[in-house]
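Letters A, B, ... are given to chains in the order of the sequence lines, protein chains preceding strands, and every chain is numbered from 1. Heavy-atom basis, side chains included; hydrogens, waters and symmetry copies ignored.
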2 protein chains.
Amino acid sequence: MENAQRGGRRRRRPRQSDIARVAGVSQTTVSLVLRGTTIGMSLAAETRQRVLDAAERLGYVPDPVATRLAAAGNAMLGLYTFSATFPTDVAHSYYPILAGVEEEAAAQGQDLILFTGSSRSGTGAGDPASLRRVRVADGCLFFGRHVPDEPIRQLAEDGFPFVYIGRRNEPDVPYVGADYVSASAAVLAGLAAAGHRRVRYLREHDQAPSSADREEGVLRGARSTGTETAGLVVRTDGTGLNGLLASWLDDGVTAVVVEQTDTGAALAGLGAAIERAGLRCPRDLSLAVLGAPVGARGRAPGGGAVFSGFDVPMREMGRDAVRLLLRLIEGAEGVETRRLLPCEPVDGGTIAPPRPPGRDPRRE
Amino acid sequence: MENAQRGGRRRRRPRQSDIARVAGVSQTTVSLVLRGTTIGMSLAAETRQRVLDAAERLGYVPDPVATRLAAAGNAMLGLYTFSATFPTDVAHSYYPILAGVEEEAAAQGQDLILFTGSSRSGTGAGDPASLRRVRVADGCLFFGRHVPDEPIRQLAEDGFPFVYIGRRNEPDVPYVGADYVSASAAVLAGLAAAGHRRVRYLREHDQAPSSADREEGVLRGARSTGTETAGLVVRTDGTGLNGLLASWLDDGVTAVVVEQTDTGAALAGLGAAIERAGLRCPRDLSLAVLGAPVGARGRAPGGGAVFSGFDVPMREMGRDAVRLLLRLIEGAEGVETRRLLPCEPVDGGTIAPPRPPGRDPRRE
DNA sequence: CTGAAAGCGCTTACAG
DNA sequence: CTGAAAGCGCTTACAG
C-alpha cells in the first residue's frame with residue numbers, strides 16, 4: 001500500500017483531458033463517449049473502446065460538481081433534514097424513513113447526499129446557505145416537521161426538483177405523506193365500536209400538518225360515530241398529566257387517544273401518569289396511539305402489550321418519495337405529485353370495552 | 001410558487017456579472033467584495049457599498065456549485081458500507097456509527113455522500129465500479145466486516161484519503177476501531193473475580209478482525225486469571241445450541257460469554273436455548289456479551305436484565321473516523337492513523353457467583 | 001484600489 | 001465520425 005496516505009503527494013485526479021491525451025482524441029470526444037450520449041451516436045467503435053480503456057486505466061470518475069455546473073445530472077439525490085438526520089435523543093424515530101430512502105435510491109442506482117447544514121445550527125432551522133448547497137444533487141428530498149418557506153420557494157422558482165416527505169399545505173409542492181386523517185378517524189371508529197363514548201384526544205402544541213391532520217381525523221371520526229366532541233381535544237406539552245388524568249377519570253372518560261410525535265412528549269407524559277395512578281390498560285382505561293412509536297418504546301405502560309392505533313408507513317414513504325423525485329427530475333408529465341399513503345391499523349391490545357360506569361379504577 | 005416544477009420557464013438568477021454591470025465595476029471586484037476576501041482588503045468603501053447594494057437589490061445568491069468548482073474541493077465526505085447502509089433485518093446494529101459520522105461531519109461543515117453501490121448487489125461485496133465512484137468525495141469512510149482488498153489498494157496507491165471504521169490487518173491502512181482485546185480480557189477477569197473457572201466462549205465462524213480480537217482477549221483474560229482454556233472457545237452458526245448448552249451444564253460450566261456480531265446469530269441461538277431449558281440468568285448461569293446489542297434486543301433472556309459485558313463505542317468511532325479522515329485530506333503530518341477506542345464495561349446484572357457445584361439447574 | 005485573464009472540469013451546439 | 005470553441009458561475013493570481 002505504500003504510505004500514500006501520509007504526506008504522500010496525492011496524485012491529481014484524472015480528468016477528461018487526461019484521458020483524451022492518453023487515448024489520442026479530443027476532450028470533447030471523451031465527454032461524448034463517457035456520457036454515452038445518444039446525440040453523437042456516431043462514434044467509431046474503435047475510438048470508443050480506446051477512450052473507455054484509457055478511462056478505466058486512469059481510474060476516471062466524473063466530477064459531480066463540474067458536471068452539475070455544466071448542467072447535467074450526476075445520479076445523486078439529496079436528503080435535507082430540518083433537524084439532525086440521526087438524532088440522539090429522539091429514539092431514532094425517523095430511522096425507517098432513511099432506511100426507505102436509502103433502499104430505493106440504491107435500487108435506482110442513485111447515491112445519496114446527506115446535507116448536514118441543518119443539524120449544525122442548533123435551531124434545527126435550515127440556514128439558507130446550507131440549503132442552497134442541495135443544488136449539487138440532481139434533486140432533493142426534504143424532511144422535518146418545521147420547514148422554512150422562503151429558501152424552498154427559491155428552489156422551486158428555479159425549477160430545482162424536490163419532494164417533501166410529509167404532507168405540506170403550500171400549493172404545488174410535491175410531497176409524499178401519510179393519510180393521518182383517515183387513519184385517525186378509523187381509530188375513533190374502533191373505539192366507538194368497542195363502546196367508548198367519552199374519549200380524550202391528547203395532542204401537543206405543535207402546528208405541523210401531521211398534527212393538524214390527526215386532529216381533523218379524530219374530530220371527523222368522533223362526529224360520524226356519535227362520540228362526544230365537547231372537551232375531546234386536549235393540548236399538552238407533556239407535563240401536568242397526573243392532574244388531567246385524574247379529572248378525566250372523574251368525568252367518566254374511558255379511553256384516551258394520543259398523538260405520537262418526534263418528541264413523544266404527550267405519550268411519555270401520559271404513560272408516566274398512568275403508571276403513577278396504577279392503572280392497567282385496557283382494563284381500566286383504553287388507549288390508542290396515532291402513529292406508532294418506534295422500537296423499544298412501543299410498549300404500553302403497565303402491560304407489555306403493543307399500543308393499538310396505527311403505524312406510519314415511514315419506510316414506504318421514503319421509498320415512494322425517491323420514486324417521485326426521480327420522476328420529477330426526468331421531467332415526466334402527469335405525475336401525481338401529492339401523495340398520501342395509507343397507514344396500517346394496529347390492533348395492539350390496549351383497547352377493550354369501557355369499564356362499567358361508576359367504577360373508579362383508582363380505588364381498587 | 002408558480003408551477004416552476006413542471007416545465008415552467010424559469011427566470012435566470014442574477015450572477016456576479018449582473019451585479020457588476022449595475023454597480024459599474026468588474027466581475028472580479030464583485031467577487032472580491034462579496035467574498036469579503038482578506039487578500040484584496042483594499043477596496044474603496046464606496047465601491048464596496050455600491051456592490052453590496054446592487055447585490056441586495058438584485059437578490060443575488062451565490063451559486064454553490066460554481067463556487068465549489070472554482071474553489072476545488074467539494075466539502076463532501078463519502079461513506080461506503082459493505083452491506084446495506086440501513087439494514088432491515090439486522091436490527092439497525094450499525095445505526096450509532098452512522099449517527100456519529102453524520103454528527104461529526106455536520107460539525108465540520110461537511111456533507112456526506114452515502115454510496116449505495118454495495119447494497120445494490122445482494123452480495124454485500126462492493127463491485128469495483130461503484131467503489132471507484134467514491135472518488136467524487138474528498139475522502140471516504142469504509143465500513144463493514146468483510147471488505148474486498150484490491151479496489152481499496154488502488155485507492156490507496158492513488159493517494160485517495162480513506163479511513164476504515166473497524167480495525168484492519170493490512171499494514172498502513174488508517175482505521176478507527178474498538179479495543180476488543182482489552183475489553184474482552186476484562187470481561188473474563190470479571191467472571192474470574194466472581195468465582196467462575198469453567199467458562200465457554202461462543203463465537204461465530206466469521207473471520208473478521210473484530211471476531212479475532214475478541215477471541216484473543218478472551219484467551220488472554222483466561223490465562224491471566226487461571227480460567228480453564230481447554231474447551232473454552234466454541235464456534236457456532238447459531239444452531240445446535242440446545243445440545244451444546246446441555247453438555248456444558250453436564251460439564252459444570254457456570255458462565256458463558258458470547259460475541260455479538262451484526263447477525264447476532266450466536267447470541268440469538270444461545271438465548272433461545274437458555275429460555276428453552278428454563279434457565280434463569282444469572283442464578284443458574286452467568287452470561288456476558290462481548291459488544292452490546294442495540295435497542296430492544298439488549299435484554300437478557302428470561303430476566304429483563306441488561307447483559308453484562310461491554311459496549312462498543314460506535315458513535316465515537318464514527319465521530320473519530322471523520323476527524324481522522326479530515327486530517328488525512330488536509331495532508332496533516334504525524335497523525336496517528338491507527339486508532340483503537342476503549343470499550344465501556346457494562347455491569348448489567350447477568351453475572352453472579354457460580355451456582356454451587358453439583359446443583360443442576362435443570363432439575364428445579 | 002480595480003480589472004483583464006485564466007482556470008475549476010465538465011456539456012453542448014456548431015463546424016468540419 | 002471528430003474537434004475547436006463557448007459557456008456554466010465562480011475564485012485567484014497577476015497586472016496595472
Can you give the dot-bracket line for DNA chain D, using ( ) for pairs inside the strand, [ ] for pairs that cross earlier ones, | for pairs with another strand and . for unpaired bases, where Watson-Crick and G-U count if both distances are under 3.5 Å? |||.||||||||.|||
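- Distance, B/Tyr60 OH to D/dG9 P: 10 Å, rounded to whole Å.
- Atom OG1 of residue A/Thr29 and atom CG of residue A/Leu34 lie 11.0 Å apart, to the nearest 0.5 angstrom.
- Nearest heavy-atom pair across B/Val335 and B/Arg339 is CG1-NH2, 3.5 Å.
- Nucleic acid contact for A/Thr47: sugar-phosphate only, since backbone atoms but no base atoms lie under 4.0 Å from a heavy atom of the residue.
- Among B/Glu102, B/Glu103, B/Glu104, the single residue meeting the salt bridge (Lys or Arg N to Asp or Glu O under 4.0 Å) criterion with B/Arg315 is B/Glu103.
- Computed from coordinates, the B/Asp63 CG to D/dC10 P distance equals 6 Å when rounded to whole Å.
- Summarising the geometry of A/Asp138 relative to A/Ala75, their closest heavy-atom pair is OD2-N, 2.8 Å, with the distance given to 0.1 Å.
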Might you list the N or O atoms of the protein lying below 3.5 Å from N or O atoms in nucleotides 14-16 of chain D, with each pair's distance?
none

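- Rounded to an integer number of Å, the gap from CZ of B/Arg135 to P of C/dG9 is 14 Å.
- Within the 4.0 angstrom heavy-atom criterion, only backbone atoms of the sugar-phosphate kind lie near B/Val25; the bases stay farther away.
- Comparing B/Ser17 and A/Gly24 against DNA chain D, the residue whose closest nucleotide sits nearer the 5' end is A/Gly24.
- Distances shown here put a side-chain N or O of B/Ser26 below 4.0 Å from the OP1 or OP2 atom of C/dG3.
- In this structure, the CD1 atom of B/Ile19 is 12 Å from the C1' atom of D/dC10, given to the nearest Å.
- Contact record, A/Val322 with A/Ala105: CG1-N, 4.0 Å, taken as the closest heavy-atom pair.
- For A/Arg35, counting side-chain heavy atoms from C-beta on, the closest listed nucleotide (C/dG3, C/dT11, D/dA5) is C/dT11.
- Side chain of A/Arg168 to main chain of A/Tyr175: no donor-acceptor pair is present (N/O by atom type, distance under 3.5 Å, no hydrogens or angles).
- Look at A/Arg50 and A/Asp53 and you find no salt bridge, because none of the NZ, NE, NH1 or NH2 atoms lies under 4.0 Å from a carboxylate O.
- As a whole-Å value, the separation of B/Gln49 CD from C/dC1 P is 16 Å.
- Of all the heavy atoms in A/Val51 and A/Ile19, the pair that sits closest is O-CG2, 3.8 Å.
- Formation of a donor-acceptor pair under 3.5 Å by the A/Asp320 side chain with backbone atoms of A/Val176 is not found in this model.
- The side chain of A/Thr29 has D/dG3 as its nearest neighbour among D/dG3, C/dC10, D/dT11.
- In this structure, the ring of B/Phe142 has its center less than 6.0 angstrom from the ring center of B/Phe162.
- Look at CD on A/Gln27: it is 9 Å from C1' on C/dT11, rounded to the nearest Å.
- Remark: B/Ser31 is in phosphate contact with D/dT11, judged by side-chain N or O atoms under 4.0 Å from OP1 or OP2.
- Of the residues in residues 50-58 of chain B, not one comes within less than 4.0 Å of DNA chain C through any heavy atom.
- Here B/Arg68 does not reach the OP1 or OP2 of C/dG9: none of its side-chain N or O atoms lies under 4.0 Å away.
- The CE atom of B/Met76 sits 5.0 Å away from the CD1 atom of B/Ile113 when rounded to the nearest 0.5 Å.
- For D/dC10, the OP1/OP2 oxygens have no side-chain nitrogen or oxygen of B/Arg15 closer than 4.0 Å.
- Of the candidate nucleotides C/dA4, D/dT11, D/dG3, C/dA4 has the atom lying nearest to any side-chain atom of B/Thr28.
- Within the structure, a side-chain polar atom (N or O) of B/Gln16 is placed less than 4.0 Å from OP1 or OP2 of D/dT11.
- Here A/Asp63 pairs with A/Arg13 in a salt bridge; the nearest charged N to carboxylate O distance falls below 4.0 Å.
- Picking from D/dT2, C/dA4, D/dG9 the nucleotide with the shortest atom distance to the side chain of A/Leu69 gives D/dG9.
- Using a 3.5 Å distance cut-off with no hydrogens or angles, the side chains of A/Ser31 and A/Thr28 do not pair a donor with an acceptor.
- Whole-Å rounding puts the A/Asp18 CG to C/dG9 P distance at 9 Å.
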